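Following: one structure in structure tokens, then a few remarks.
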Amino acid sequence: MEIKTRKLKQNLLSWYRKNKRTFSWRNTNNPWKIFLVEIISQQTQINRADDYYKKFIKEFPTPESMARSSLKKVLELWSGLGYNNRAKRLYESSKILSESSFDSINPNFEILPGVGPYTKNAILSFAYGDSVLAIDTNLERIITRYFGVDDAKDYLKRYSQSLLKKVNSKDLNQAFMDFGSMVCTSLNPSCDICPLETECSKYFSKIKKSYQKFEGSNREIRGKVLKLLLNEDQISKEELTNKLGEEEGKLNKALHGLQKDNLLIIKKNNIIEINSK
DNA sequence: GTCCGGTGGT
DNA sequence: ACCACCGGAC
């Protein structure tokens, strides 16, 4: 098992040296920049994240600059990325960070809203050089296939130290991401050109994820509502109903969900506007 | 386990 | 039409 792990690291890092992708954020250790790109890239195709990252870092070079801005401004820049909760949590985090720096909360980055196990370790590895694994969907998939285990998280809990031994964690984490994106892809992996192929267990888990239709979903209405609100400072519920053509029940569900997420406010007179806090 | 958006690949 | 995308909150 130790040999298999060593070969994984050798072959993966060798592949990475020749094939790694170049992104604008990979040259920085600045925790704010790392944090920004990690929040932006959650569940988002990485090539699109790059454009947004450049916009955000230009507009908000520091946490303070974002904290002094408004949620609406952040949502405007965010428009098109989806999962608007991320923008709200990012804005909340900037306020916390303008009071307490990254260095002062290190390593407890999970106190920031929107930061879970993955993002915490991404900041630790990419900004602080700590020897930790940023466990994302790529790493889990590669571990599952290569070692032939159903529960990659559990496997990594036990063996992360042997994976990290004698390697730069930043290189290793990015190597897994690039490799998972370019070779060991979720659909149609390129096993024929894979440098890990001889050692790989080639275990393809049959566990299916469940998907809900997007068309007609609450998510779709939420997105439309928020987009409209970015153009009109405030809007009445009647106007919203007319413009979106959704049934009242479905619209109300979306509105109350957005209000619960503190993205908008429904006033007494049924006037709706983006939350200003 | 479900919800949270928008886009591109197949 | 289906699936995945450098996850997290509930």
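By convention in this document, chain letters (A, B, ...) are assigned in the order of the sequence lines, proteins followed by strands, and residues within each chain are numbered from 1. Below, each value reflects all heavy atoms present in this structure, side chains not excepted, and no hydrogens, waters or symmetry copies. Keep in mind that what you see is a predicted model, and the values were worked out from it rather than measured.
- With a cutoff of under 4.0 Å to any heavy atom of chain A, the contacted region of DNA chain B is bounded 5' to 3' by B/dT2 to B/dT10.
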Under 3.5 Å donor-acceptor pairs involving side-chain atoms of residues 179-194 of chain A, not counting sequence neighbours:
unit_1: A/S181; atom_1: OG; unit_2: A/R21; atom_2: NH1; d: 3.0
unit_1: A/T185; atom_1: OG1; unit_2: A/L187; atom_2: O; d: 2.8
unit_1: A/T185; atom_1: OG1; unit_2: A/N188; atom_2: O; d: 3.2

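- Side-chain contact check for A/F56 versus A/V74: some heavy-atom pair is nearer than 4.5 Å.
- For the C1' atoms, the distance linking B/dT2 with C/dC6 amounts to 22 Å, nearest Å.
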Reading nucleotides 3-10 of chain C from 5' to 3' and marking B where a protein heavy atom lies under 4.0 Å of the base, S where only the sugar-phosphate is that close, and - otherwise, the string is SBBBBSS-

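- With sequence neighbours left out, A/N242 forms a side chain to side chain donor-acceptor pair (under 3.5 Å) with no residue at all.
- At a threshold of 4.0 Å, the pair A/K7-A/E199 counts as salt-bridged, since one of the basic side-chain nitrogens sits closer than that to a carboxylate oxygen.
- A ring-ring contact (aromatic ring centres under 6.0 Å, His included) with A/F109 is found for exactly one of A/F126, A/Y128, A/W32, namely A/Y128.
- By the 4.0 Å N-to-carboxylate-O rule, A/E232 lies close enough to A/K243 to be salt-bridged with it.
- For the residue pair A/Q174/A/Y16, the side-chain donor-acceptor check at 3.5 Å is satisfied.
- The residue A/I39 sits apart from the nucleic acid: no heavy atom pair falls under 4.0 Å.
- For the P atoms, the distance from C/dG8 to B/dT7 is 23 Å, rounded to whole Å.
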Intra- and inter-strand pairing of DNA chain B, written as dot-bracket with Watson-Crick and G-U pairs under 3.5 Å and | for the latter, reads ||||.|||||

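- Looking at heavy atoms from C-beta onward, A/K170 lies out of side-chain contact with A/R26 at the 4.5 angstrom threshold.
- No side-chain donor-acceptor contact under 3.5 Å links A/T241 and A/E248.
- Looking at A/R158 and A/D154, a side-chain N of the basic residue comes within less than 4.0 Å of a carboxylate O on the acidic one, giving a salt bridge.
- Annotation: C/dA4 and B/dC4 have their C1' atoms spaced 15 Å apart (nearest Å).
- Legend: residues meeting side-chain contact (heavy atoms from CB on, under 4.5 Å) with A/A254, ordered by chain and number and at least two apart, are A/N218, A/I221, A/R222.
- Looking at heavy-atom distances under 4.0 Å, A/D261 makes no contact with the nucleic acid at all.
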